[in-house]
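In each ligand, atom 1 is the first atom listed, and ligand 1 is the first ligand listed. We number each residue from 1, following the sequence as shown.
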Amino acid sequence: MDLDLDGCECAKLFQKEYKSKKEHTLSYPYNLITMAPSLETKIANISLDTCVYNASGPRTGSSQALSKVASSAAGAVLAKSATLASQTGNPLPRTWHHDAEESHASMNSEGLPNMGIDYYVSKDTIDETMSTTVSAKPYFVSISGKNIDDNIAMLERIHARIKAGEKRISGVELNLACPNIIGKPIIAYDFEQLESVLQAVSQLSIFAEDKLPLGVKMPPYFDGPHYDRAAAVLNKYSHVVKYVASINTIGNCLMVDPIAEMPVIRSKGGFAGLSGRAVKFTALANVKKMRELLVDEIDVVGAGGVFSGEGMCVDYYS
Ligand code: DHB
């Protein structure tokens, strides 16, 4: 069928189709009267001027690095996944970038080098991080404890800072998807463990009573039953889990340097998390599936392989 519509009719048709297909919490990205793009959104009911911001990963470990995110047009600042105590991480080399002109991929196995949770919630760090920002933006911390006890201890420290008057911590992202811890599996691939972590943290007063928004960073899934099981567990805790960030890197990938005849990454026999353009398709499928399966109370934050505005829009429409 040929349609001969003017811009306004076209926009209305698109809006009608869009609304009939969507039931998610993100707002429509265009003001249909002026057609001016708006990238404003809400995550966990927190307003962001733009829906684009950094993932927790390399270059988010210090206030200097974070202040670069804060001074950019990013809608929020998300700190490096913290452990209870500071640690130096895996041996070098631990990051790799495909060096072709159109870089397709990166890999990392940093092994959570970070300054320890106290650093990321301290007044000085948040002051330094936010000193460069021109407009207020939310600051999120990320935690990736070695075990449940460490996660609980970190959440108690975050809560203590908030109770002491620190108002700038907007939420906590619980990273259940790090593939780079030597000797430890990816937590959210073990559905019993996923449930027990959420069960334990959901009872803490930081979430249960004081209602700090909790986000969960998820690994990529590759098969229908796995999506179903992960979403079923997350939905059970929708009273505290307010957003899901999908995806973390694709874990345990390998690249070999053909000249050196050895893996490009040193730890774990070269096995590392894959990111960059190469993961876009997996990321997109995960965002789509999570949005379909999660209850409306849980927002979905798309991560992975976004290089351009077009890439971001694809995430948005999925
Ligand atoms: C690291 C890697 C991740 O994918 C992540 O989510 C957190 C930390 C790391 O290796 O440091």
Side-chain angles (χ1 to χ4, degrees), residues 53-62 65-66 69 76-97 105-117 119-120 140-147 150-151 154-155 171-190 193-194 197 201 214-222 230 234 243-255 263-280 282-283 286-287 290 300-306:
Y53 64 101
N54 69 294
S56 173
R59 303 192 191 144
T60 57
S62 66
L66 290 169
V69 181
V77 181
L78 173 58
K80 174 88 183 169
S81 293
T83 49
L84 193 50
S86 66
Q87 57 181 41
T88 52
N90 292 341
L92 304 179
R94 58 192 187 187
T95 56
W96 168 84
H97 299 280
S106 299
M107 277 195 196
N108 78 76
S109 181
E110 292 205 299
L112 286 165
N114 76 95
M115 313 275 208
I117 188 60
Y119 173 85
Y120 298 102
F140 292 93
V141 288
S142 168
I143 60 168
S144 186
K146 290 184 176 149
N147 48 46
D150 278 12
N151 278 324
M154 283 193 276
L155 289 165
V172 177
E173 188 166 295
L174 177 61
N175 185 351
L176 300 181
C178 181
N180 302 334
I181 308 307
I182 294 164
K184 295 258 183 189
I186 295 167
I187 294 172
Y189 282 159
D190 173 344
Q193 213 187 336
L194 172 64
V197 176
V201 304
L214 172 65
V216 183
K217 183 76 175 272
M218 297 296 280
Y221 294 100
F222 301 93
L234 291 161
Y243 78 87
V244 158
S246 271
I247 57 170
N248 204 316
T249 53
I250 300 180
N252 298 307
C253 295
L254 179 66
M255 175 62 191
V264 295
I265 300 280
R266 180 137 169 221
S267 59
K268 287 185 71 182
F271 281 42
L274 179 70
S275 56
R277 282 186 169 95
V279 310
K280 178 73 205 167
T282 304
N286 275 261
V287 169
M290 283 297 170
V300 177
V301 176
V306 175

Considering only the protein, which heavy-atom contact is closest to [atom], and what is its distance?
{"atom": "atom 1 (C) of ligand 1", "result": "Cys178 SG, 3.6 Å"}
{"atom": "atom 11 (O) of ligand 1", "result": "Leu112 N, 2.6 Å"}
{"atom": "atom 5 (C) of ligand 1", "result": "Asn175 ND2, 3.4 Å"}
{"atom": "atom 2 (C) of ligand 1", "result": "Asn180 ND2, 3.3 Å"}

Under 4.0 Å from any heavy atom of [X], which atoms of ligand 1 are there?
{"X": "Thr249", "answer": "4 (O)"}
{"X": "Pro179", "answer": "4 (O)"}
{"X": "Glu110", "answer": "9 (C), 10 (O), 11 (O)"}
{"X": "Asn108", "answer": "2 (C), 10 (O)"}

Would you sort out whether Glu110 and Lys80 count as a side-chain contact (heavy atoms from CB on, under 4.5 Å), showing the intermediate values? CA-CA 11 Å; Glu110 292 205 299; Lys80 174 88 183 169; 2.8 Å; yes
So is [X] in contact with ligand 1, going by heavy-atom distances below 4.0 Å?
{"X": "Lys80", "result": "yes"}
{"X": "Gly111", "result": "yes"}
{"X": "Pro113", "result": "yes"}

My understanding is that only residues two or more places apart in sequence, or in another chain, count here; which of them pass ring pair (Phe, Tyr, Trp, His ring centres under 6.0 Å) with Tyr189? Tyr221
Between [X] and [Y], does any side-chain donor sit less than 3.5 Å from a side-chain acceptor?
{"X": "Asn252", "Y": "Lys268", "value": "yes"}
{"X": "Ser142", "Y": "Ser81", "value": "yes"}
{"X": "Asn108", "Y": "Asn180", "value": "yes"}

Under 4.0 Å, heavy-atom basis, I'd like to know which part of Ala177 is in contact with ligand 1: side chain, backbone, both or neither. neither
Just to be sure I read this right, does ligand 1 sit under 4.0 Å from the backbone of Asn90, its side chain, both, or neither, counting only heavy atoms? neither
Considering all heavy atoms, the nearest Gly269-Pro263 contact: O-CG, 3.6 Å
Looking only at heavy atoms, what is the nearest atom pair of Leu274 and Cys253, with distance? CB-SG, 3.6 Å
Taking atom CD1 of Ile187 and atom CG of Leu194, what is their separation to the nearest 0.5 Å? 9.0 Å
Is there a polar contact, in the sense of an N or O pair closer than 3.5 Å, between [X] and ligand 1?
{"X": "Asn248", "value": "yes"}
{"X": "Lys217", "value": "no"}
{"X": "Ser81", "value": "no"}

So do Gln87 and Pro113 actually touch side chain to side chain, heavy atoms under 4.5 Å? no
Partner set under side-chain contact (heavy atoms from CB on, under 4.5 Å) for Pro91, not counting sequence neighbours: Arg266, Ser267
